[in-house]
Amino acid sequence: MKIHRTLLTIALLLTAAAAAHAHAFLDHAEPKVGSSNKGSPTEVKVWFTQKLVAPFSQLQVFDASGKEVDKRDKKLDPSDQALLIVSVPSLKPGKYKVVWRAASVDTHVTNGDFTFEIAP
């Protein structure tokens, strides 16, 4: 009975671990998460842990007042389907919030946000 419970516990843990890998999570970004930068980027790039489906994924940039400041031209990189990109105009010094929604090719959806700063 004890061996049966142990095997069941291991099976449940392995199933949970496999399910966790079935989602696209933020891997890294440019500008870097939480970074302070001199000068404005021309694009915000976010890499995920899985390939994405462009029509169901989103990437937006907001200024400190909550106004969307990106150019609303979100796209996947043609050579890396895990890289979501959005263009931005010249950003003034201040804090910016990047909000993302990632729909992976296996249909799982994750979302999140992070900030970066343009230093004066």
For this session: List the steps and the verdict of side chain to side chain contact (heavy atoms under 4.5 Å, CB included) for Asp113 and Val98.
Result: CA-CA 5 Å; Asp113 61 74; Val98 177; over 6 Å; no
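- A side-chain hydrogen bond (donor to acceptor under 3.5 Å, both in side chains) check over residues 35-46, counting only residues at least two apart or in different chains, returns the pairs Ser35-Asn37.
- With sequence neighbours excluded, no residue forms a ring pair (Phe, Tyr, Trp, His ring centres under 6.0 Å) with Phe114.
- Hydrophobic cluster membership is shared by Val88 and Ile118, with clusters built from Ile, Leu, Val, Met, Phe, Trp and Tyr side chains linked at under 4.5 angstrom.
- With Ser57 contributing its side chain and Ala103 its backbone, the two residues share a donor-acceptor pair below 3.5 Å.
- Taking hydrophobic clusters as Ile, Leu, Val, Met, Phe, Trp and Tyr residues chained together by side-chain heavy-atom distances below 4.5 Å, Val99 does not share a cluster with Leu91.
- Both Val69 and Val46 are part of a single hydrophobic cluster, where members link through side-chain heavy atoms under 4.5 Å apart.
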For this session: Step by step, work out the side chain to side chain contact (heavy atoms under 4.5 Å, CB included) result for Gln50 and Phe25.
Result: CA-CA 7 Å; Gln50 282 194 349; Phe25 293 105; over 6 Å; no
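- In this structure a side-chain-to-backbone donor-acceptor pair under 3.5 Å is missing from Thr49 to Ala24.
- Applying the side-chain contact (heavy atoms from CB on, under 4.5 Å) rule to Thr115 yields the partners Lys97; only residues at least two apart in sequence or on another chain are considered.
- For residues 59-84, no pair satisfies ring-ring contact (aromatic ring centres under 6.0 Å, His included), with sequence neighbours left out.
- Sorted by first and then second residue, the pairs that involve residues 68-78 and meet side-chain hydrogen bond (donor to acceptor under 3.5 Å, both in side chains), not counting sequence neighbours, are Gln60-Glu68, Glu68-Arg72, Asp73-Ser87, Asp77-Ser79.
- Applying the ring-ring contact (aromatic ring centres under 6.0 Å, His included) rule to pairs touching residues 66-101 yields Phe48-Trp100, Tyr96-Phe116, sequence neighbours excluded.
- To the nearest 0.5 Å, atom NZ of residue Lys51 and atom CD of residue Gln81 are 7.0 Å apart.
- Annotation: side chain of Leu52 is not in contact with side chain of Val105 (no heavy-atom distance under 4.5 Å).
- The side-chain contact (heavy atoms from CB on, under 4.5 Å) with Leu76 is formed by just one residue from the set Leu83, Leu84, Val53, Leu59; it is Leu84.
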